[in-house]
Number of protein chains: 2
Amino acid sequence: MRLSTKGRYGVKAMFDLALHGGETPLSLKTIAERQEISEPYLEQLIATLRKAGLVKSVRGAYGGYLLARHPEQITVGSIIRSLEGSIAPAECVSEMDPIECERAENCVTRILWEKIRISIDNVIDSITLQDMINDYDEMCGQDNMYYI
Amino acid sequence: MRLSTKGRYGVKAMFDLALHGGETPLSLKTIAERQEISEPYLEQLIATLRKAGLVKSVRGAYGGYLLARHPEQITVGSIIRSLEGSIAPAECVSEMDPIECERAENCVTRILWEKIRISIDNVIDSITLQDMINDYDEMCGQDNMYYI
DNA sequence: ATAATCTTGACAATTTTACTCGGGTATGCT
DNA sequence: AGCATACCCGAGTAAAATTGTCAAGATTAT
């Protein structure tokens, strides 16, 4: 059930954008260095995030990336799903296009996979980038002295 | 976040044992055919389950496998973990031996991964094979006419 | 113009998955 | 005893996924 680096790096990059980004775009290089992710690889991931409408790009010199919406309007669920596809533990309980099987017994295990999927959905769809920023602020104390 | 066939086949095989098994052992062949799993492959999986103490084996002619405990005492969590290892979405929040990272920011995403892991844990540790049998009985109606 | 940056697509190493195969060992039945 | 039926064990392997790298081009601030 491990998340691949796609989902993990993607969330880290988006969190970086939420924490350090603002009016002016952040370059890929900045994010990649701060989050210790290979720049060409992050390039791929952020291209996916852009197509999913989660970040906006600004081309040319001093360009970079911006969050497409406010941090409280971006759930980690939308980030993870855009990069990993469905988070369902089995194909037959995928959110979008479940490929059902015919066997009666399979349906019993199907109930199980669905319970797991719903439980994961509930968590990742209820947590936004703003929630993560709040967690971070709390972790660092009121003066935020450990901000990077 | 998809479960591999190990976990899925393992749960199916254990459910088969819970549903059809009794005093006399079920042969691997029987389970493999009924659940449509390659027999030599299931052999590997059930060997792991045996080492984890979830099933007992009876060697020789008319031998096979039995659940080591009653269905209400076997959680799907124990089955999945024995076959897949930790179900944590990231290594740093593994139940057993979390490999922590040093970076402050990582710890924010770590909080997220931990919330996901705990949510999955809660589901799979609360569901037993008996629960699945109950689901099955309910699905088939009181006369259980669709039992295989 | 030039440098910084995004954009795209192809390619490649490594790891994991999902098996197969071949030979053992134990046990009940005749 | 001998045979059939099973479990037991370790090695090997093809395909897929993961985790990237690389090169060439497009766009824009200065």
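Residue numbering restarts at 1 for every chain, and letters A, B, ... go by the order of the sequence lines.
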inquiry  = With a 3.5 Å distance limit and no angle check, can you tell me whether B:Arg117 reaches the backbone of B:Val93 through a side-chain donor-acceptor pair?
reply    =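 Side chain of B:Arg117 to backbone of B:Val93: a pair is present.
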query = Is there a donor-acceptor pair under 3.5 Å between the side chain of B:Asp131 and the backbone N or O of B:Thr128?
reply = yes
inquiry  = Check this for me: A:Arg2, atom CZ, are more than 12 non-hydrogen atoms of other residues, nucleotides or ligands nearer than 6.0 Å?
reply    = no
query = Where each residue is assigned the nucleotide of DNA chain D containing its nearest heavy atom, which of A:Arg2 and B:Leu28 is assigned the position nearer the 5′ end?
reply =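 Its nearest nucleotide lies further toward 5', so the answer is B:Leu28.
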query = How do A:Gly60 and A:Tyr9 order along DNA chain D: which one's closest nucleotide is nearer the 5' end?
reply =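 The residue mapped nearer the 5' terminus is A:Tyr9.
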The side chain of [X] lies closest to which of these nucleotides: [options]?
{"X": "A:Ala61", "options": "D:dG20, C:dA18, D:dA29", "result": "D:dA29"}
{"X": "B:Tyr62", "options": "D:dC8, C:dC29, D:dG25", "result": "C:dC29"}
{"X": "A:Pro40", "options": "D:dC22, C:dA26, D:dA6", "result": "D:dC22"}
{"X": "B:Gln44", "options": "C:dT20, C:dT8, C:dT27", "result": "C:dT20"}
{"X": "B:Ser57", "options": "D:dC8, D:dA23, C:dA18", "result": "D:dC8"}
{"X": "A:Tyr65", "options": "C:dC6, C:dA10, D:dC7", "result": "C:dC6"}

request  = Can you measure from CD (B:Glu39) to CD1 (B:Ile31) and round to the nearest 0.5 angstrom?
outcome  = 10.0 Å
query = Between CE of B:Met14 and CE of B:Met132, what distance do you get to the nearest 0.5 Å?
reply = 10.5 Å
Without decimals, in angstroms, what is the distance between [X] [atom1] and [N] [atom2]?
{"X": "A:Lys56", "N": "C:dT7", "atom1": "NZ", "atom2": "P", "answer": "13 Å"}
{"X": "A:Leu45", "N": "C:dC6", "atom1": "CG", "atom2": "C1'", "answer": "15 Å"}
{"X": "A:Glu36", "N": "D:dG20", "atom1": "CD", "atom2": "C1'", "answer": "17 Å"}
{"X": "A:Glu43", "N": "C:dA4", "atom1": "CD", "atom2": "P", "answer": "16 Å"}
{"X": "A:Tyr41", "N": "C:dA13", "atom1": "OH", "atom2": "C1'", "answer": "14 Å"}
{"X": "A:Lys6", "N": "D:dA17", "atom1": "NZ", "atom2": "P", "answer": "10 Å"}
{"X": "B:Ile37", "N": "C:dT20", "atom1": "CD1", "atom2": "C1'", "answer": "16 Å"}
{"X": "A:Leu42", "N": "D:dC22", "atom1": "CG", "atom2": "C1'", "answer": "16 Å"}

On the nucleotide [N], are OP1 or OP2 found under 4.0 Å from the side-chain N or O atoms that [X] carries?
{"X": "A:Ser27", "N": "C:dC6", "value": "no"}
{"X": "B:Thr5", "N": "C:dA18", "value": "yes"}
{"X": "A:Ser4", "N": "D:dA17", "value": "no"}
{"X": "B:Arg50", "N": "D:dC9", "value": "yes"}

task = Classify the side chain of B:Arg59 and the base of C:dT25 as holding, or not holding, a donor-acceptor pair under 3.5 Å.
result = yes
For B:Met139 against A:Val108, the heavy-atom pair lying closest together =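 Taking every non-hydrogen atom into account, CE-CG2, 3.9 Å.
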